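Below is one structure, written out as structure tokens, with a few remarks after it.
Since we're looking at a predicted model, the values are computed, not measured. Sequential numbering from 1 along the given sequence is applied to the chain's residues.
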Amino acid sequence: MDVLIYLIPIALLLGALGLGAFLWSLRSGQYDDLEGAKWRILDDDDLPGK
């Protein structure tokens with residue numbers, strides 16, 4: 001049971017880091033262009049011979 005003294009703060013810290021990373025990605029615009037990825041798949045800029 002003594003190990004819970006270490007595991008609970010570590011779990012809370014990792015959860016806070018994950019939440020912080022998610023909020024950072026929202027603020028930096030990672031999810032703004034949801035349509036662009038599907039159109040980039042069809043783009044043929046990397047074809048040899050062009």
Could you list the cluster mates of Leu26? Members are the ILVMFWY residues connected by side-chain heavy atoms closer than 4.5 Å, either directly or through other members.
Leu19, Phe22, Leu23, Tyr31
Test of understanding: with side chain to side chain donor-acceptor pair (under 3.5 Å), list the residues that count as partners of Gln30, not counting sequence neighbours.
none
Mind checking who shares a hydrophobic cluster with Ile8, ILVMFWY linked at side-chain heavy-atom distances under 4.5 Å?
Met1, Leu4, Leu12
Could you pull out all residues at least two apart from Asp2 that satisfy salt bridge (charged side-chain N to carboxylate O under 4.0 Å, His left out)?
none
Leu13: side-chain contact (heavy atoms from CB on, under 4.5 Å) partners, not counting sequence neighbours:
Leu17
Partners of Arg27 by salt bridge (charged side-chain N to carboxylate O under 4.0 Å, His left out), sequence neighbours excluded?
none
Only counting residues at least two apart or in another chain, list the ones meeting side-chain contact (heavy atoms from CB on, under 4.5 Å) with Asp33.
Glu35, Arg40
Who clusters with Tyr6? Use side-chain heavy atoms, under 4.5 angstrom, across I, L, V, M, F, W and Y, and order the result by chain and number.
none
Residues in side-chain contact (heavy atoms from CB on, under 4.5 Å) contact with Leu42, at least two apart in sequence or another chain:
Trp39
